[in-house]
Amino acid sequence: MSQNAVPSLDELLAKAPSNWGKWGPDDEVGGLNYLGPEQVVAAAALIRSGKVFTIQRLIGDPKGDPVWPGRTPAVRTQIMDEATWDREDAPQYPGGLHYADDKIDAFLQGSTQYDALGHVWYGGKIWNGYDARTTVGGMDKASVEPIAQRGVVGRGVLLDMARLRGKKNLETAETFTHEDLLACADHQGVELRKRDILLIRTNYLQLFFELGDRFYDGFCEPGLVYSPELVEWFAEMEIPNLVTDTIANEVTADPNNGVVLPLHSALMRNLGVTFTEITDLEALAADCAEDRTYEFFYAAAPLKIAKGSGAPVNPIVVK
């Protein structure tokens with residue numbers, strides 16, 4: 001598709017539903033407002049076996065960290081260790097204490113992370129109609145901080161698209177729709193309900209570890225593909241949080257219109273759906289396949305980063 005034939009987001013989403021103003025003019029957490037005490041209590045009732053899964057990918061993995069093209073993986077630097085005390089100028093503490101210290105230099109969205117609702121925009125407006133100029137020098141509105149302050153707790157449902165299609169992992173540019181999500185839920189014997197937190201497994205990042213730098217050749221991840229019907233479904237289902245094991249939660253370039261990441265705008269910017277990306281769902285998916293239980297208690301709180309457009313997170317699933 002030629003660049004000239006690609007519609008603008010203003011054109012593509014001209015008639016798309018919006019939740020701007022639904023929770024007042026000052027709202028910065030969008031669909032997370034759907035997760036109230038009732039949803040938390042109901043989710044807690046799903047804890048039966050006490051099995052706990054953490055779904056963050058390792059930062060500084062010796063095998064490499066998958067990141068969006070143009071970003072660089074986190075770099076951990078050792079500052080203090082036992083070798084420090086080989087030096088004559090090493091600090092001396094009463095009692096003989098030695099210690100280790102290190103730091104990381106990292107993109108806030110270079111690992112398992114939550115996007116701020118103001119992370120993407122078009123037409124000069126971010127979530128809830130805030131002016132995009134409020135992002136200059138740091139996000140004054142709709143940053144990741146309100147999400148981090150609030151936390152995310154609710155009923156999570158795993159939708160294992162790779163297993164549904166009988167594959168180890170989905171393929172480059174492979175797409176699926178909300179109807180496929182419903183078919184997956186039906187196949188797994190789990191009901192999708194309003195205000196569910198959706199966790200979608202593709203296992204696509206396995207290719208990153210198998211291919212190395214060749215993973216980025218013709219980069220186009222698999223994922224949900226835009227349609228007006230899909231956006232309406234997310235709106236009607238009042239989905240608060242979309243969690244996937246890919247870098248960007250949707251097919252990178254829409255095969256039908258050529259737009260890059262249109263669901264970031266249709267779901268996050270317009271509806272206030274919070275995005276969680278680069279999760280590791282493998283241990284959870286294996287357990288769900290074994291016990292045939294695909295619903296669970298989900299809890300997450302990204303790091304509290306003032307004015308941040310995203311923040312690392314280690315979500316917890318309890319079954």
Side-chain angles (χ1 to χ4, degrees), residues 43 46-58 66 112-114 152 154-210 215 220-227 230 233-234 237 239-252 263 267 273-300 313-319:
L46 298 175
I47 299 175
R48 300 182 180 95
S49 68
K51 289 183 287 188
V52 176
F53 300 85
T54 60
I55 62 174
Q56 178 199 341
R57 287 194 173 272
L58 183 66
T112 307
Q113 49 86 23
Y114 266 77
V152 183
R155 178 186 187 245
V157 176
L158 177 71
L159 297 168
D160 195 336
M161 292 302 301
R163 274 188 172 84
L164 176 70
R165 294 186 173 178
K167 299 179 177 182
K168 183 178 71 171
N169 54 263
L170 296 192
E171 300 165 17
T172 295
E174 186 171 350
T175 63
F176 47 89
T177 69
H178 64 294
E179 292 177 338
D180 292 318
L181 298 183
L182 289 166
C184 185
D186 183 65
H187 176 77
Q188 295 174 173
V190 64
E191 178 189 7
L192 290 184
R193 303 170 187 162
K194 280 192 172 184
R195 307 191 177 190
D196 279 345
I197 297 167
L198 303 183
L199 288 74
I200 302 176
R201 174 181 177 263
T202 68
N203 197 30
Y204 183 69
L205 293 185
Q206 177 61 32
L207 294 181
F208 169 83
F209 298 104
E210 294 176 1
F215 172 77
C220 188
E221 291 189 293
L224 287 167
V225 63
Y226 167 80
S227 72
L230 180 144
W233 183 80
F234 267 79
M237 290 293 289
I239 302 299
N241 191 182
L242 175 63
V243 181
T244 76
D245 59 359
T246 61
I247 298 172
N249 271 10
E250 59 177 303
V251 64
T252 308
L263 291 179
L267 301 184
V273 178
T274 305
F275 278 24
T276 310
E277 298 158 334
I278 322 182
T279 62
D280 183 354
L281 300 176
E282 293 311 290
L284 173 62
D287 189 80
C288 290
E290 181 177 350
D291 70 8
R292 302 298 298 173
T293 300
Y294 289 87
E295 60 176 358
F296 37 74
F297 178 89
Y298 175 96
V313 65
N314 185 13
I316 295 175
V317 167
V318 187
K319 295 180 71 177

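Here the structure is a predicted model, which means the values were calculated and not measured.
Interatomic distance, Leu159 CG to Leu164 CG, rounded to the nearest 0.5 Å: 9.5 Å. The CD1 atom of Ile55 sits 11.5 Å away from the CD atom of Glu282 when rounded to the nearest 0.5 Å. For the atom pair CD (Gln56) and OG1 (Thr279), the distance works out to 10.5 Å, reported to the nearest 0.5 Å. With rounding to the nearest 0.5 angstrom, the CZ atom of Phe176 is 4.5 Å from the CG atom of Leu224. Here Ile239 contributes atom CD1 and Trp233 contributes atom CH2; the two are 5.0 Å apart, rounded to the nearest 0.5 Å. In this structure, CG on Leu230 lies 6.0 Å from CG on Leu263, to the nearest 0.5 angstrom.
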Does Thr252 form a side chain to side chain contact (heavy atoms under 4.5 Å, CB included) with Thr246? I'd like the steps, not just the answer. CA-CA 10 Å; Thr252 308; Thr246 61; over 6 Å; no
Please walk me through it: do Val317 and Leu158 pass side chain to side chain contact (heavy atoms under 4.5 Å, CB included)? CA-CA 10 Å; Val317 167; Leu158 177 71; over 6 Å; no
Run the side chain to side chain contact (heavy atoms under 4.5 Å, CB included) test on Ile197 and Val152 for me, step by step, so that the C-alpha distance in whole Å, both residues' side-chain angles and the decisive distance to 0.1 Å come before the verdict. CA-CA 9 Å; Ile197 297 167; Val152 183; 4.0 Å; yes
Could you walk me through whether Met237 and His178 pass side chain to side chain contact (heavy atoms under 4.5 Å, CB included), step by step? CA-CA 11 Å; Met237 290 293 289; His178 64 294; over 6 Å; no
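In this structure, the side chains of Glu250 and Leu267 stay at 4.5 Å or more apart for every pair of heavy atoms. Within the 4.5 Å cutoff, no side-chain heavy atoms of Ile247 are placed close to those of Glu277. The closest side-chain heavy-atom distance from Thr274 to Pro240 is not below 4.5 Å. Annotation: side chain of Leu181 is in contact with side chain of Met161 (closest heavy-atom distance under 4.5 Å). In this structure, the side chains of Thr112 and Pro315 come closer than 4.5 Å at one or more pairs of heavy atoms. When side chains are defined from C-beta on, Lys167 does not count as touching Thr202, because their heavy atoms never get closer than 4.5 Å. Contact annotation: the side chain of Leu207 approaches that of Asn169 to within less than 4.5 Å [non-hydrogen atoms, C-beta and beyond]. Side-chain contact between Leu199 and Phe296 is present, with heavy atoms from C-beta onward closer than 4.5 Å.
A salt bridge links Asp160 and Arg201; the closest N-O separation between the charged side-chain nitrogens and carboxylate oxygens is under 4.0 Å.
In this structure, Pro66 and Leu205 approach most closely via the heavy-atom pair CG-CD1, 3.9 Å.
Donor-acceptor pairing under 3.5 Å is recorded for the side chains of Asn241 and Thr276.
Checked by atom type and distance alone, the side chain of Gln206 never pairs as donor or acceptor with a backbone atom of Lys168 at under 3.5 Å. For Gln188 (side chain) and Tyr294 (main-chain N/O), no donor-acceptor pair under 3.5 Å exists by modelled atom type. A distance-only check finds no donor-acceptor pair linking the side chain of Asn203 to the backbone of Ala162 [under 3.5 Å].
Residue Glu290 places its CD atom among 12 or fewer non-hydrogen atoms of other residues, nucleotides or ligands, all under 6.0 Å distant.
A search for ring-ring contact (aromatic ring centres under 6.0 Å, His included) contacts involving Tyr204 returns Phe215, not counting sequence neighbours. Take Asp291 and apply the side chain to side chain donor-acceptor pair (under 3.5 Å) test, not counting sequence neighbours, and it matches Lys51, Lys319.
Legend: salt bridge (charged side-chain N to carboxylate O under 4.0 Å, His left out) pairs involving residues 178-188, not counting sequence neighbours, sorted by first then second residue: Arg165-Asp180.
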